[in-house]
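Notes for the one structure printed next.
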Amino acid sequence: MNDVEQRVAAKAFAAYWKDKGYEKGESQSFWLSLLRDVFGKEHPEQFILFEEQVHLDHTSFIDGNIPETKVLIEQKGLGKDLRKPIKQSDGTYLTPFQQAKRYITELPLSQHPRWVVTCNFEKFLVYDMERPGGEPEEILLENLEKEYYRLQFLVDSGNEHLKREMEVSIAAGEIVGLLYDAFAKQYADPTSERAMKSLNVLCVRLVFCLYAEDAGIFGGRGMFHDYLAEFDARKMRRAITDLFKILDTKLEDRDPYLKDDFPELAAFPYVNGGLFANEDIEIPPFTDEIRDLLLTKASSDFDWSEISPTIFGAVFESTLNPETRRSGGMHYTSIENIHKVIDPLFLDELKAEFEEIRNIAVKRTRERKLQDFQKKLSTLTFLDPACGSGNFLTETYLSLRRLENEILQELQGGQMVLGYDNMNPIQVSISQFYGIEINDFAVTVAKTALWIAESQMMKETESIVLMHLDFLPLKTNAFIHEGNALQVDWESVIPKYQLSYIMGNPPFVARAGRTKAKDSSSKGMLDDTQKTDRLNVFGEDLGNVDYVACWFKKAAVFTKNTAIRCAFVATDSICQGQQIYPIWKNILQDDIYINFAYKFFKWNSEAGKTATVYVIIVGFSHIEDREALLFSGDRVIKVPHISPYLTAAEDILVSSRNKPLCQVPVFKMGNQPIDNGNYLFTKSEMDNFVEKEPNSQKYFRQWLDGAGFLNNTFKYCLWLGGCSPAELKAMPECLKLVKAVKEYREKSNRKSTKKLADTPTRFQTENMPSGNYIAAPEVSSGNRRYIPMGFLDENTFCSNKLRLMSGATLFHFGVLQSNVHMAWTRTVCGYYGPSYQYSINIVYNNFPWPTPTDAQKAKIEQTAQAILDARALYPDSSLAELYDEVLMPPELIRAHQANDRAVMAAYGFTKGTPEFSSESACVASLMRMYQELTK
């Protein structure tokens, strides 16, 4: 249903149900109609459950339950006060919400609702169970035409609240960007280091003030706006300077006559925390545009109290950073992705422990355990050694505080928490969170994000304990340290004996992508610094490895002889291909165990533009768990051990090898011309060239690159390597091309390319097999069950994007096209995004080949030929089409299945053996063969 249809439907629904509402007779009709007519559920009776039994002292019934969206409904009759306690059958008095909560305690944890809705036909009260103690949202039936969207969570399995927080946070970032640009124009020298730092500090302070007035931190709403509104643009600079000074001055140290002279200024509280410290910052003159932007768009028209500090911190940082602004705008890590790190690292275990305690029947024991658990939460400490704007730390703090609020809610037991008096019931503090960050501005943003998070959670606690809690002056501090985490001694930030967890999303800077200057979020530094860091951390040059590996190694060394657990997001490259051996051989020697891991998935971390990186998450420590958790998509399995390949296998590492491990033909790279495209032609280009230079015809060959091989699209190559000088001189058009290639190579900055200028008719890499040969693409879609390989003849030249095998037989083809070889490939190969990257030195040269009997070898040759025959049935189809998971013909599927069985038999993987039915068991067996062959 579109918006117009839903508005019309909501209006009709509200009109029909006005003044109706008999609890026992009309509740189900009311909800079925709402779901069907207003929210478009075709079969609402299959979506919502009514009158489910719950067993208390007696049997009770849940009025409505929507399992898919985790909604529980407590329905009352028309005119009933939803906030007033009602006498129950056991004599107790409970509000409808308290009644619903009592039902929840009897449900399995997996069935606990996210939302509780109490309704009396004319009013809905919506309680978010992830915000215990928070005031419910109220939606009136008479307003449903305009506000139907507020009940969208009934049918939306996504988290609408998080979406709203994200939208608000991004909108806030856009406002900050407008302020930033407007102020930047006013600086005398906006490119100077002092001006840029001053501008960043100014924006941070303004954002805090805007948030503080909307969140009620300053006392009265609108204080910041009303104070500035008294000044015109010319006097606003002075007004801001005075305000910042007051916010950094204790009440007892202020001018005693300030209240008389400037009562609006005197009303602001003391902030503390260093945010408004009297440092030498340059505040530029205001303009009418800036004044209007600040007072209207940033203040009057926007509510800052709804922002998510987790998202906004990163959005804010990147909005104000020139590098990220140039590269497309706002970057942030989604809350969902952060929880993929922190949930299995510690949060799932804490939540399970809390559920176990809250289900203790004996009240005194339960309360004592809850108090001990709250104390435990306050002793946990966290370090993010590449914290950026602090989003991991902020979300972790919010998660712990939500858990603490649930504890307080349980301790309250429906009554006011007693015994606090002037004491603060909150024990979890932002001082439990430590970070290291190279970007000085990000350090400030991270601290500010944590303060905002602290303010938001304090408001939720107030509604639980029913007492006022003072947020200002700031009493706690987040320990975010500025510096290069790979050069800073982490022990100087937090002693390891005090630390519980290390986590984060360190820089992804591969060798090819190193930058020459600091970037937006410490994801790049000077190239020389990176080299130094690698040497300092690993003690040796590991070659072409991703920079993020340094964080794994440093954490492994730092946590030795401790129970500290770690989890990092990393590029998938460190657990695949050539990087596996140098990185993990080094790390595993520190007795590290992988406790959980996410196999590679898309990490979408930008709001301003879409940019996809494929990442993994690895949780590790010096403690070997009885069961490790291996996540793949939405699925998780418990396994005895996780290898660095993120498989359920032993720690056997495959190193780069220049020659095949077994007695088989070599695979080589195809041809690499280095010709600036001069020798490559389309069919029409070749025909035109031959028309001008007829004698060139015999020097043309079909040319295939990886994409051409898979899609059956040929180009043509002019190969003049065997052409004599006299013949070349007689072909002036060819001679022009040779001269162009010579000039191109001479201008190169690479010595090897300059040297090639001496032989301009030759390619840099030449591989032109005689007779038939096998070709395999370097990169192939990871969605394919098999990497398509095929036989070509000597008249076809191939680019370096194909791997070529001379002297190959049907036996070799059959083994390479088997599920055994593909299982090995999927495990040890590198990946180009989600695509296989078939490396000769890693995949092929290390592959343990079978030693078949003559009969087994003949069978493989037979099944290999059957694969070629099945392909030949479809001459109009390319390999890409034939090996598409949806389009793959049944004859080809059957041929491959027969070939798979023949190859498995040659390895001894027959029906009944683990290797026959499980790819992981097959790979484990191949790894043991590899280990034996490489002893």
Side-chain angles (χ1 to χ4, degrees), residues 660-665 667 709-710 772-777 780-792 802-805 807-829 836 838 843-844 846-875 877-926 929:
L661 187 60
C662 303
Q663 296 299 313
V664 290
F667 245 141
F709 173 76
L710 291 169
N772 291 349
Y773 58 94
I774 287 177
S780 175
S781 169
N783 294 324
R784 296 189 180 110
R785 199 177 310 171
Y786 307 92
I787 295 176
M789 302 182 188
F791 284 97
L792 299 174
L802 285 167
R803 278 74 178 95
L804 314 180
M805 182 193 292
T809 67
L810 281 171
F811 167 72
H812 300 118
F813 177 75
V815 174
L816 291 174
Q817 290 289 258
S818 71
N819 60 352
V820 176
H821 183 252
M822 280 308 304
W824 173 264
T825 301
R826 272 189 283 272
T827 300
V828 305
C829 78
Y836 305 119
Y838 194 86
V843 180
Y844 179 76
N846 286 301
F847 179 58
W849 284 72
T851 52
T853 64
D854 289 344
Q856 288 171 334
K857 187 175 182 181
K859 182 64 174 176
I860 293 172
E861 289 170 346
Q862 177 188 338
T863 56
Q865 183 60 54
I867 291 174
L868 296 174
D869 293 342
R871 292 178 182 177
L873 296 173
Y874 300 91
S877 300
S878 68
L879 286 172
E881 291 163 338
L882 288 170
Y883 283 84
D884 182 281
E885 283 292 282
V886 177
L887 304 176
M888 195 172 187
E891 298 92 344
L892 186 55
I893 293 173
R894 287 194 293 270
H896 267 286
Q897 289 171 342
N899 184 69
D900 291 341
R901 288 191 293 270
V903 174
M904 284 193 287
Y907 281 94
F909 303 162
T910 55
K911 195 170 185 179
T913 63
E915 295 89 348
F916 186 85
S917 56
S918 164
E919 182 166 306
S920 60
C922 173
V923 172
S925 185
L926 292 173
M929 291 174 63

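- Residues M805 and Y844 have side chains in contact (heavy-atom distance under 4.5 Å, counting atoms from C-beta outward).
- In this structure, Q817 contributes its side chain and G814 its backbone to no donor-acceptor pair below 3.5 Å.
- Checked against ring pair (Phe, Tyr, Trp, His ring centres under 6.0 Å), Y836 has the following partners two or more places apart in sequence or in another chain: Y831.
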Stepwise side-chain contact (heavy atoms from CB on, under 4.5 Å) check, R826 with E919: CA-CA 10 Å; R826 272 189 283 272; E919 182 166 306; 3.1 Å; yes
As a quick check of understanding, evaluate side-chain contact (heavy atoms from CB on, under 4.5 Å) for T825 and I787, giving each step before the final call. CA-CA 9 Å; T825 301; I787 295 176; 3.9 Å; yes
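- Looking at Q865, its side chain never comes within 3.5 Å of a backbone N or O of Q862 through a donor-acceptor pair.
- F791 is linked by a ring pair (Phe, Tyr, Trp, His ring centres under 6.0 Å) to F813, counting only residues two or more places apart in sequence or in another chain.
- One distance of note links CG of L816 with CD1 of I774; it measures 5.5 Å at 0.5 Å rounding.
- The shortest side-chain heavy-atom distance between P889 and L873 does not fall under the 4.5 Å cut-off.
- A distance of 9.5 Å separates CG of L892 from CZ of R785, quoted to the nearest 0.5 Å.
- Side chain of D900 to backbone of N819: a donor-acceptor contact under 3.5 angstrom is found.
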Please tabulate, for side-chain N and O atoms in residues 903-910, each donor-acceptor pair with protein atoms closer than 3.5 Å (sequence neighbours left out).
residue : atom : partner : partner atom : Å
Y907    : OH   : P848    : O            : 2.8

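- For the pair T863 (side chain) and I860 (backbone), a donor-acceptor distance under 3.5 Å is present.
- Residues E881 and D884 fail the side-chain proximity criterion, which asks for heavy atoms closer than 4.5 Å.
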Go through the steps for L926 and V820 under the test side-chain contact (heavy atoms from CB on, under 4.5 Å), then give the verdict. CA-CA 9 Å; L926 292 173; V820 176; 3.9 Å; yes
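- Annotation: side chain of R871 is in contact with side chain of L879 (closest heavy-atom distance under 4.5 Å).
- Note that K857 lies in the cation-pi zone of F811, set by a 6.0 Å cut-off to the ring centre and a 45° limit from the axis.
- Remark: E891 engages no residue in a salt bridge (charged side-chain N to carboxylate O under 4.0 Å, His left out) (not counting sequence neighbours).
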When you look at L882 and M888, which way does the side-chain contact (heavy atoms from CB on, under 4.5 Å) test go after all the steps? CA-CA 5 Å; L882 288 170; M888 195 172 187; over 6 Å; no
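- Considering only heavy atoms from C-beta on, D869 stays 4.5 Å or farther from I867 through its side chain.
- Shown here are the ring pair (Phe, Tyr, Trp, His ring centres under 6.0 Å) partners of H821, two or more places apart in sequence or in another chain: Y838, F847.
- One N or O on the side chain of W824 and one on the backbone of V843 form a donor-acceptor pair closer than 3.5 Å.
- By the ring pair (Phe, Tyr, Trp, His ring centres under 6.0 Å) test, Y883 is found to be paired with H896, residues two or more places apart in sequence or in another chain being considered.
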